[in-house]
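What follows is one structure encoded as structure tokens, with my remarks underneath.
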Amino acid sequence: MTRPLYVVKVGSATLDRGSVHAEIAALVARGAQVLLVAGGAAGIERHYSAIGRPMPELRLANGDSVRYCPPVEMAHLVDAYERVTLPAVEDGLRALGLDVFTAVAARGSLVTGRANRPLKTVTAQGRTRVVRDHRAGVPAEVDTARLRTLLDAYDVVCLSAPVRDREGGAPLNVDADVLAAALSNALGADHLRLVTGTAGLLTDPSDPASTLRHAHQGEAAQYAGGRMRQKVRAAEMALEGGSADIAITGPHTLADPSGWTRFWRGSAPEADLALLSRAVGVPSVSGDEHELAAYLLDWCTERGIDAKIDAAGNLVATRGTGDRGLLLLGHLDTVPHHWPAEWREGELHGRGSVDAKGSLAAFLEVLAAADVPADGQLRVVGAVEEEISSSKGAFHARDHYPADAVVIGEPSGSDKLTLGYYGLFKLRVTASVDSGHSAGMDAVSAPDTLIRALEAIRASVTEQAPDALSAVIDVRCETGREHNRAVGILNFRVPPGADLDALRAAARSHEGEGVEISMERATPGHSGGRTSSLVKVFTRAFAQTGVRPRFVVKKGTSDMNTLATTWRGVPMVAFGPGDSALDHTDQERIGAEEYRTARSLLGDAVARWFALPEGSR
């Protein structure tokens, strides 16, 4: 499971409060890597006061004042970070049990920058002059390999200005928000948070409740003044150069979304596509579903929908309290790798647009618009970890959210209904041999042994289930002093009705002589046929739309399989917009009209299901 990367810039005033340390610890507890960028204004003031040195300033032609950083001052600025700011950060995080690495970004050339042009300033007498020795610049290059190594080794990596000048000489002071954006872009971060002392970006500086909740590219600058201009500049840089989801947060917190200004890459072509666009814009690779769940929770709350994030991390949104329950079960997570979500010629490109955020967004919009009868309950669950073997969210839903019928949110296309899925039978096969030279007489390596075992197991299992599909999906080798090992993961997709006990026996018949076999997953296939009431309401909804549907059983698996392990007699189908051939590819995209058609058809089917007479569901 991939560990998400958060780049978090925290100003010195927020660091002094200390509560943000616990919020960073919470990110680490969720499995995240954290790259913290520490602001240093308060630490610089304390250091200069301690050494009895005045901090020189320059007044710019636009009226702003900036810290003057000639070469002689840069050593003192570095000292301020290394003696005051960074030790305080390290102490605060270590007190919470975190392993922390701290450094000025110039050390070891972790970040290299280029100098700004000379500054046009105003003297005390009001005259204009040009200052050429001001050591300020912008980040230009990031040593991503070393930073990734540090992130793998520590719970939190904390950097601060200054950075190394690529032309040599004294280090360059850089804005901490801009540094955070540059690091986020260079490392392909999942999330960028710029923590400030206000509740995000205020549209009216005199009103602390005037937070601009959502900003698209180019919209926020009109509200930014003073130090907030640099935060907006940094957010815009991250929109242009990366794929992270971005927020200015506060006051002095990154945990409360009510104080966030979220930044989005471009706006949806029409208002009814906004939820789809934003859901795709928040990265949510398996294990990193929290931010998407939190955004969707906020969306539901704004619309008066009863919603929560449950103990498994699932989003659960419900309307109605009756005893006739229809469950719409989608999933929040995607396979690894993401890129900026972008609308092009009526199609939304981005990871998860098809699998399966299109389905989940449609579920939520249908939930918001549905007329749920007094005796009914309509529930949407956005499950976690569907794309990995754990299926943690679906198992939790299976055990906690009973229903009379279920629609699984997976891409079928707006003209198809999925009646079932193949099952999953996954094995870990380990081959061990005594260490020795591969050129020895009759030598058989661990990989040789593994290959033979995998082929033998494959033949035996497919003899029991001729329609099964198989693939070796992972192989690794380990060299030890006494034994060498090779480990392979053998994955089977098995049709509904396959005897899993027989498959286990067939596989285990090949254990022994240095071969060990463990069962990673054994989930049966499931197919419900065309006669259920749920299929009938979808068929009528298709007819109303003028679509002649196709009915399919897919060779993949879904959360339908997980529910079917214990749920008996519950009608289940899968439906959702998008071309499933684009799943897990770097061409993943969904059309606006395809999404709208599927959403409308789903809404019709849901209404028809609740209108069925008692006893016919």
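Heavy-atom basis, side chains included; hydrogens, waters and symmetry copies ignored.
For Glu478 (side chain) and Arg485 (main-chain N/O), no donor-acceptor pair under 3.5 Å exists by modelled atom type. Checked by atom type and distance alone, the side chain of Arg351 pairs as donor or acceptor with a backbone atom of Thr585 at under 3.5 Å. Side chain of Glu342 to main chain of Leu348: no donor-acceptor pair is present (N/O by atom type, distance under 3.5 Å, no hydrogens or angles). A donor-acceptor pair is defined here as one N or O able to donate and one able to accept, closer than 3.5 Å; such a pair exists between the side chain of Arg265 and the backbone of Leu239. Between the side chain of Thr253 and the main chain of Thr249, no donor-acceptor pair closer than 3.5 Å is present. Judged by distance alone, the side chain of Thr149 and the main-chain N or O of Ala145 form a donor-acceptor pair under 3.5 Å. Using a distance-only test at 3.5 Å, with no hydrogens or angles considered, no donor-acceptor pair links the side chain of Asn314 to the main chain of Val316. With hydrogens and angles ignored, the 3.5 Å screen pairs no side-chain donor or acceptor of His396 with any backbone N or O of Lys392. Within the 3.5 Å criterion, the main-chain N or O of Glu386 finds a donor-acceptor partner in the side chain of Asp333. Remark: the backbone N or O of Ser412 is paired with a side-chain donor or acceptor of Lys416 at under 3.5 angstrom.
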For this session: Any chance you could lay out the side chain to side chain donor-acceptor pair (under 3.5 Å) test for Gln33 and Asp152, step after step, and finish with the verdict?
Result: CA-CA 8 Å; Gln33 295 181 317; Asp152 287 338; 2.9 Å; yes

Problem set entry | Stepwise side-chain contact (heavy atoms from CB on, under 4.5 Å) test for Val381 and Leu315 | CA-CA 6 Å; Val381 174; Leu315 171 76; over 6 Å; no

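The closest side-chain donor-acceptor pair between Ser391 and Arg521 falls under 3.5 angstrom. A donor-acceptor pair shorter than 3.5 Å can be found between the side chains of Tyr401 and Asp310. Under the 3.5 Å distance criterion, with hydrogens and angles disregarded, no donor-acceptor pair is assigned to the side chains of Arg166 and Thr112. Side-chain atoms of Glu385 and Ser286 form no donor-acceptor pair, as typed in the model, at a separation below 3.5 Å. Side-chain contact check for Asp586 and His337: no donor-acceptor pair (N or O, by modelled atom type) lies under 3.5 Å. Donor-acceptor pairing under 3.5 Å is lacking for the side chains of Asp559 and His331. Looking at His483 and Ser432, their side chains never bring a donor and an acceptor atom within 3.5 Å of each other. No side-chain N or O of Ser435 forms a donor-acceptor pair with one of Arg481 less than 3.5 Å apart. In this model, a donor atom of one side chain and an acceptor atom of the other lie less than 3.5 Å apart for Thr102 and Glu90.
Looking only at side-chain heavy atoms (C-beta outward), Asp143 and Leu147 stay at 4.5 Å or farther from each other.
For the atom pair CG of Leu159 and NZ of Lys9, the computed distance is 14.0 Å after rounding to the nearest 0.5 Å. A distance of 8.5 Å separates CG of Leu329 from OG1 of Thr562, quoted to the nearest 0.5 Å. Between the OG atom in Ser389 and the CD atom in Glu520 there is a gap of 7.0 Å [rounded to 0.5 Å].
Arg30 and Glu289 are not joined by a salt bridge, as no carboxylate oxygen comes within less than 4.0 angstrom of a charged side-chain nitrogen. Comment: Glu347 does not engage Arg344 in a salt bridge, judged by the lack of any side-chain N to carboxylate O separation of less than 4.0 angstrom. By the 4.0 Å N-to-carboxylate-O rule, Asp245 lies close enough to Arg193 to be salt-bridged with it. Ionic pairing of Asp91 and Arg94 is not present here: no N-O contact between side-chain nitrogen and carboxylate oxygen is shorter than 4.0 angstrom. With respect to Arg107 and Glu82, a salt bridge is recorded, a charged nitrogen being found less than 4.0 Å from a carboxylate O.
A tilted orientation is assigned to the rings of Phe492 and Phe425, their planes being inclined by 30° to 60°.
Among all heavy-atom pairs drawn from Ala394 and Leu563, the shortest one is O-CD2, 4.0 Å. Heavy atoms only, all atoms of each residue included: Gly137 and Val174 are closest at O-CG1, 3.3 Å.
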